[in-house]
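To keep things clear, I will list the structure first and then write my remarks on it.
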Amino acid sequence: MDQVSTAEEQNQAKNPGAVRVASVNLNGIRASYRRGMADWLKDRDIDILTMQEVRAPDEIVRELLGDDWHILHAEAEAKGRAGVAIASRQAPQATREHIGEDYFKTSGRWVEADFDINGEQVTVVSAYVHSGEVNSPKQDDKYRFLEVMTTKLPELKATSKHVLVTGDLNVGHTERDIKNWKGNVKNSGFLPEERAYFDRFFGEEIGFKDVARELAGDVDGPYTWWSYRGKAFDNDTGWRIDYQMATPDLAALASNAVVDRAPTYDTRFSDHAPLVIDYQF
């Protein structure tokens with residue numbers, strides 16, 4: 001499998017038969033479009049686009065993306081919060097709009113779509129895990145959501161050998177995933193209790209693969225989120241918290257993984273960079 005690349009290789013052409021999946025936290029789709037998201041999207045030859053923190057009504061999402069996409073969008077009941085979506089060039093065979101527990105039914109944090117790709121069923125998820133806050137109800141909700149994922153992921157894996165869970169999962173799994181990990185061991189996003197869930201996701205118990213990490217190897221990052229504060233972006237003081245998690249059979253098809261890091265701070269359309277990976281069917 002190829003290594004994860006960055007900006008200089010972003011526009012590499014897809015191989016015939018490849019399916020290109022991009023995942024990005026938009027930090028609000030309207031703001032992203034004002035900052036140039038459309039220009040990024042038109043040149044990337046993306047087949048399936050998963051989005052988190054959409055934070056807009058459904059009609060706005062459809063208006064901005066246009067008629068060339070099939071759109072599955074779960075708004076959050078709380079206006080201006082969360083929201084996840086999957087936009088695809090081909091129509092999905094089936095869709096599901098929440099993770100399955102009623103507590104999260106209107107939270108706008110999980111959508112699934114099944115696609116027929118070369119005769120194979122491929123299930124794609126767009127997920128947005130809570131950011132959390134230590135010793136608060138927000139952290140309780142985060143743990144509750146991660147706990148539901150420990151049962152949901154095996155259920156998905158049992159239905160198809162090709163499952164892809166994408167999104168802003170708001171946890172850096174290892175020290176390689178956060179530039180300033182020593183300063184964050186007591187903060188939400190790098191707590192040992194959170195990281196233990198990812199040990200299970202990527203371990204023998206659940207058996208998903210962290211596709212970008214598998215491709216990149218044992219290196220720092222590549223990071224996908226940088227604070228808007230200070231010089232975090234310029235100094236690459238980032239976090240790798242956006243994932244594409246795949247079942248082993250699907251992960252084996254992955255190549256040409258790219259973090260679409262903007263060339264400069266002022267050309268970003270979000271505080272997250274898209275994670276773009278090709279799957280060679």
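Values in this document were obtained by computation on a predicted structure and should not be read as measured data. Residues take their numbers from the sequence shown, with the count starting at 1.
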Mind checking ring pair (Phe, Tyr, Trp, His ring centres under 6.0 Å) for Tyr243 and listing every partner two or more places apart, or none if nothing turns up? Phe198
Side-chain ion pair, Lys152 and Glu147, N-O less than 4.0 Å: no
Please report the interatomic distance CZ(Arg261) to CG(Leu275), rounded to the nearest 0.5 Å. 15.0 Å
Are Trp40 and Phe269 close enough, and set up right, to give a ring pair (Phe, Tyr, Trp, His ring centres under 6.0 Å), and what steps lead you there? CA-CA 9 Å; Trp40 163 78; Phe269 65 80; 5.4 Å; yes
Side-chain donor-acceptor pair under 3.5 Å between His130 and Arg109, yes or no? yes
Asp218 and Arg176 ion-paired at < 4.0 Å: yes
Side chains of Asp271 and Trp226: any donor to acceptor distance under 3.5 Å? no
Donor-acceptor side-chain pairing of Thr123 and Asp114 below 3.5 angstrom: yes
Please walk me through it: do Phe201 and His173 pass ring pair (Phe, Tyr, Trp, His ring centres under 6.0 Å)? CA-CA 10 Å; Phe201 296 160; His173 182 206; 8.9 Å; no
Side-chain donor-acceptor pair under 3.5 Å between Thr50 and Gln244, yes or no? no
Just checking, Arg195 and Tyr197: is the charged tip under 6.0 Å from the six-membered ring centre and within 45° of the axis? no
Under a 4.0 Å N-O cut-off, is there an ion pair linking Asp58 with Arg62? yes
Does CG in Asn135 sit with more than 12 non-hydrogen atoms of other residues, nucleotides or ligands closer than 6.0 Å? no
Counting neighbours of CG on Asp266 that are heavy atoms of other residues, nucleotides or ligands and sit closer than 6.0 Å, is the number greater than 12? yes
Less than 6.0 angstrom from the centroid, inside 45 degrees of the normal: does Arg240 satisfy that with respect to the ring of Trp225? no
Aromatic Tyr279 / basic Arg20 pairing, under 6.0 angstrom, 45° off normal: no
Does either side chain, that of Glu194 or that of Ser188, offer a donor lying less than 3.5 Å from an acceptor on the other one? yes
Identify whether the distance between the nearest side-chain nitrogen and carboxylate oxygen of Glu101 and Arg144 falls below 4.0 Å. yes
I'd like to know if Asp177 pairs up with Arg213 as an ion pair, taking the criterion as any Lys NZ or Arg NE/NH1/NH2 lying under 4.0 Å from an Asp or Glu carboxylate oxygen. yes
Give a yes or no on whether a salt bridge exists between Asp45 and Lys14, defined as a side-chain N under 4.0 angstrom from a carboxylate O. yes
How about CD on Glu155, more than 12 heavy atoms from neighbouring residues, nucleotides or ligands closer than 6.0 Å, or not? yes
